[in-house]
Student: 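So that we are looking at the same thing, I have put the structure below in structure tokens.
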Amino acid sequence: MKISDEFPSQYLKAADLGGREIRVTMGRVEREEIGTDKKLVLYFKGKEKGMVLNKTNANTIGDAYGDDTDDWYEQPLILFSIRTEYQGKPVDGLRCRVPTPKDNRQAAPAKREDPISSGPINTDEPPPHDEIPF
């Protein structure tokens with residue numbers, strides 16, 4: 001039995017990504033009461049859980065798409081987890097980044113010649129950003 005299954009969160013956590021980078025499309029931004037504070041929560045198109053925005057992630061998005069959260073709608077974003085520190089303890093944290101041209105390029109051809117063994121290489125790799133439900 002997983003503790004996370006017993007206490008589900010309505011907000012996205014680093015563990016929800018399963019160690020993968022996830023490409024999402026931004027939807028709405030809401031100001032919600034979390035504990036005793038009001039925080040910005042970013043929701044994604046086709047996803048249930050929102051991401052509570054910290055200053056780092058809000059600034060990353062704002063630098064790319066503008067200061068007005070209305071301008072973020074339908075813009076792409078890549079979510080990933082990192083090891084960071086919170087209240088002096090190491091934790092897994094969520095971060096986001098804007099897709100690069102490398103992220104946007106099409107998948108490589110299915111087979112190519114291996115220059116070392118002269119045999120074919122199967123490059124049927126999964127897309128760089130697996131979709132997972134959250």
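Start at 1 with the first residue, then count along the sequence.
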Student: Go through the structure and list residues passing side-chain contact (heavy atoms from CB on, under 4.5 Å) with Arg28, not counting sequence neighbours.
Tutor: Glu30, Tyr43

Student: First locate atom CZ of Arg20, then atom OG of Ser81, and finally report the distance between them rounded to the nearest 0.5 Å.
Tutor: 11.0 Å

Student: Which atom pairs, one a donor and one an acceptor, fall under 3.5 Å between side chains of residues 67-77 and the rest of the protein, sequence neighbours left out?
Tutor:
unit_1 : atom_1 : unit_2 : atom_2 : d
Asp68  : OD1    : Asp70  : N      : 2.9
Trp72  : NE1    : Gly66  : O      : 2.8
Glu74  : OE2    : Lys45  : NZ     : 2.9

Student: May I ask you to decide if Asn54's main-chain N or O and Asn57's side chain share a donor-acceptor pair within less than 3.5 Å?
Tutor: no

Student: Mind checking the CD-SG spacing from Glu21 to Cys96? Nearest 0.5 Å is all I need.
Tutor: 11.5 Å

Student: Under 3.5 Å, which donor-acceptor pairs do the side chains of residues 33-40 form with other protein atoms, sequence neighbours left out?
Tutor:
none

Student: Would you check if the side chain of Asn104 reaches a backbone N or O of Pro99 as a donor-acceptor pair within less than 3.5 Å?
Tutor: no

Student: Linking I/L/V/M/F/W/Y whenever any side-chain heavy atoms sit under 4.5 Å apart, do Phe80 and Val91 land together?
Tutor: no

Student: Checking Thr100 now: which residues fulfil side-chain contact (heavy atoms from CB on, under 4.5 Å) with it, not counting sequence neighbours?
Tutor: Arg97, Lys102, Asp103

Student: Just jot down the side-chain contact (heavy atoms from CB on, under 4.5 Å) partners of Asn59, sequence neighbours excluded, or say none.
Tutor: Lys55

Student: What residue pairs, at least two apart or across chains, pass salt bridge (Lys or Arg N to Asp or Glu O under 4.0 Å) with a residue in residues 78-90?
Tutor: Arg83-Asp92

Student: Could you state whether Leu79 and Tyr65 fall into the same hydrophobic cluster, counting links through intermediate Ile, Leu, Val, Met, Phe, Trp or Tyr residues with side-chain heavy atoms under 4.5 angstrom apart?
Tutor: yes

Student: Is any side-chain heavy atom of Arg95 closer than 4.5 Å to one of Thr84?
Tutor: yes

Student: Among Val41, Leu94, Ile61, which residue satisfies the side chain to side chain contact (heavy atoms under 4.5 Å, CB included) criterion with Leu53?
Tutor: Ile61

Student: Within this structure, what is the CG-CG distance for the pair Leu12 and Leu42, rounded to the nearest 0.5 Å?
Tutor: 9.5 Å

